[in-house]
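Not measured: the values here are computed from a predicted model. Residue numbers run from 1 in the order of the sequence given.
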Amino acid sequence: MCSEGTFSFYRQNAVDYAARNRTLPIRRLDAFLSALPAGASIIELGCGGGQDSVYMLSQGFEVTPTDGSAELAAKAEALLGRPVQVMRFDELDAEDAFDGTWAEASLLHVPRTELPGVLERIRRALKPGGILHATFKAGDAEGHDGFGRYYNYLSAELLSDMLGGSGWHQIVISETDGTGYDRKPTRWLAMRAQK
């Protein structure tokens, strides 16, 4: 799953990472939530400090927040006032349990060779017609950033092929420019697909 350098970064920097000045991806959140039934059940994979879960809960959705870092999960729990499950992506074993999966800037840490298996776990966890949202840093070759975190750096074509070859439908991928935690210019892929 994620490299040890990636987990080490989030363990050691949980306080600063959770408290950073982060703008919520409101447009993506609202687009995702509008595709779901009112009060739908959502699993958030890689909830970080918990801010996205706070927003989804405020909109009346049932949210199960998860994170692979126990330290970040503790920070999210403090913000949310509810338990956050410590879970790596390859530990997801639910079946037909959720209407939606929110994975904002989290699946980008899954090694390319392991991503199809994780996507299949997510597909199994969704109810029929369920929606997956995820964002990735775009690129041509996997690698690490200046903090030692691993990224799969996918192209839109490769991501589309992975999703299309594993039973996903209604696949939409968009590209935008932005930044990340490192404040460096970043090309982002945002994808949505349906089970």
Side-chain angles (χ1 to χ4, degrees), residues 1-25 28-29 43-54 64-80 83-93 101-122 132-163 173-191:
M1 195 37 47
C2 295
S3 73
E4 188 50 43
T6 303
F7 279 115
S8 178
F9 169 83
Y10 290 113
R11 274 196 304 269
Q12 295 170 9
N13 297 281
V15 173
D16 291 339
Y17 190 82
R20 74 195 189 283
N21 185 15
R22 173 179 175 260
T23 302
L24 280 179
R28 290 192 296 276
L29 278 161
I43 184 168
E44 182 175 6
L45 299 176
C47 71
Q51 296 90 349
D52 293 3
S53 281
V54 166
T64 300
T66 72
D67 202 277
S69 162
E71 293 79 7
L72 272 177
K75 291 297 173 189
E77 282 185 1
L79 179 68
L80 291 163
V84 172
Q85 184 178 351
V86 178
M87 181 189 76
R88 296 184 184 205
F89 307 131
D90 60 350
E91 296 173 328
L92 177 63
D93 61 2
T101 299
W102 179 258
E104 179 79 6
S106 60
L107 297 179
L108 43 65
H109 293 310
V110 179
R112 287 183 178 196
T113 57
E114 298 176 26
L115 188 55
V118 169
L119 290 170
E120 177 55 27
R121 285 179 176 275
I122 294 169
L132 164 64
H133 162 87
T135 55
F136 298 85
K137 289 187 177 186
D140 298 319
E142 53 195 332
H144 294 80
D145 69 2
F147 297 108
R149 298 178 297 175
Y150 166 88
Y151 286 91
N152 47 34
Y153 294 119
L154 303 174
S155 67
E157 294 76 19
L158 180 57
L159 180 56
S160 181
D161 288 346
M162 277 188 191
L163 292 163
I173 300 173
S174 61
E175 298 189 36
T176 57
D177 291 317
T179 60
Y181 180 75
D182 60 7
R183 302 287 185 223
K184 292 183 178 177
T186 303
R187 187 74 171 164
W188 286 92
L189 303 177
M191 56 87 27

Is there a side-chain contact between [X] and [Y] in this structure, where contact means two heavy atoms from C-beta onward sitting under 4.5 Å apart?
X: Glu175; Y: Trp188; answer: no
X: Leu189; Y: Thr135; answer: no
X: Pro65; Y: Gln85; answer: no
X: Arg112; Y: Leu158; answer: yes
X: Val84; Y: Cys47; answer: yes
X: His109; Y: Phe9; answer: no
X: Met191; Y: His133; answer: no
X: Leu115; Y: Leu154; answer: yes

Smallest separation among heavy atoms of [X] and [Y], with atom names:
X: Ser69; Y: Leu72; answer: OG-N, 3.0 Å
X: Asn21; Y: Arg183; answer: O-NH2, 3.9 Å
X: Ala73; Y: Val86; answer: CB-CG2, 3.8 Å

Q. So how far is it from Ser160 OG to Ile173 CD1, rounded to the nearest 0.5 Å?
A.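 Here the rounded value is 4.5 Å.
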Where the side chain of [X] meets the backbone of [Y], is there a donor-acceptor pair that is under 3.5 Å apart?
X: Asn152; Y: Leu107; result: yes
X: Arg121; Y: Asp90; result: yes
X: Asp145; Y: Gly148; result: yes
X: Asp67; Y: Gly48; result: yes
X: Ser106; Y: Leu45; result: yes
X: Arg28; Y: Pro25; result: no

Q.
Is there a side chain to side chain contact (heavy atoms under 4.5 Å, CB included) between Phe89 and Thr66? Walk through the geometry before answering.
A. CA-CA 9 Å; Phe89 307 131; Thr66 72; 5.8 Å; no
Q) Looking at Phe136 versus Tyr151, is the centre-to-centre ring distance below 6.0 Å? A)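 Judged by ring-centre distance (under 6.0 Å), Phe136 and Tyr151 do not meet the cut-off.
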Q.
Can you tell me if Lys137 has over 12 outside heavy atoms packed within less than 6.0 Å of its NZ?
A.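 Yes, NZ of Lys137 has more than 12 neighbouring heavy atoms, counting only those of other groups under 6.0 Å.
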Q) For Asp140, does the CG atom sit with more than 12 other heavy atoms under 6.0 Å from it, leaving out its own atoms? A)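 Result for CG/Asp140: open.
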Q.
Please determine whether side-chain hydrogen bond (donor to acceptor under 3.5 Å, both in side chains) holds for the pair Arg149 and Tyr181, giving the CA-CA distance in whole Å, both sets of side-chain angles, and the decisive distance to 0.1 Å.
A. CA-CA 11 Å; Arg149 298 178 297 175; Tyr181 180 75; over 6 Å; no
**Q.** side chain to side chain contact (heavy atoms under 4.5 Å, CB included) evaluation trace for Tyr153 with Arg187
**A.** CA-CA 10 Å; Tyr153 294 119; Arg187 187 74 171 164; over 6 Å; no
Q: Report the C-alpha distance between Ile43 and Trp102 in whole Å, list the side-chain angles of each, state the deciding distance to 0.1 Å, and finish with yes or no for side chain to side chain contact (heavy atoms under 4.5 Å, CB included).
A: CA-CA 6 Å; Ile43 184 168; Trp102 179 258; over 6 Å; no
Q) Thinking salt bridges, do Arg22 and Asp52 make one under a 4.0 Å N-O criterion? A)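 Asp52 and Arg22: salt-bridged.
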Q.
For Tyr150 and Glu142: C-alpha separation, side-chain torsions, deciding distance, then whether side chain to side chain contact (heavy atoms under 4.5 Å, CB included) applies.
A. CA-CA 8 Å; Tyr150 166 88; Glu142 53 195 332; 2.4 Å; yes
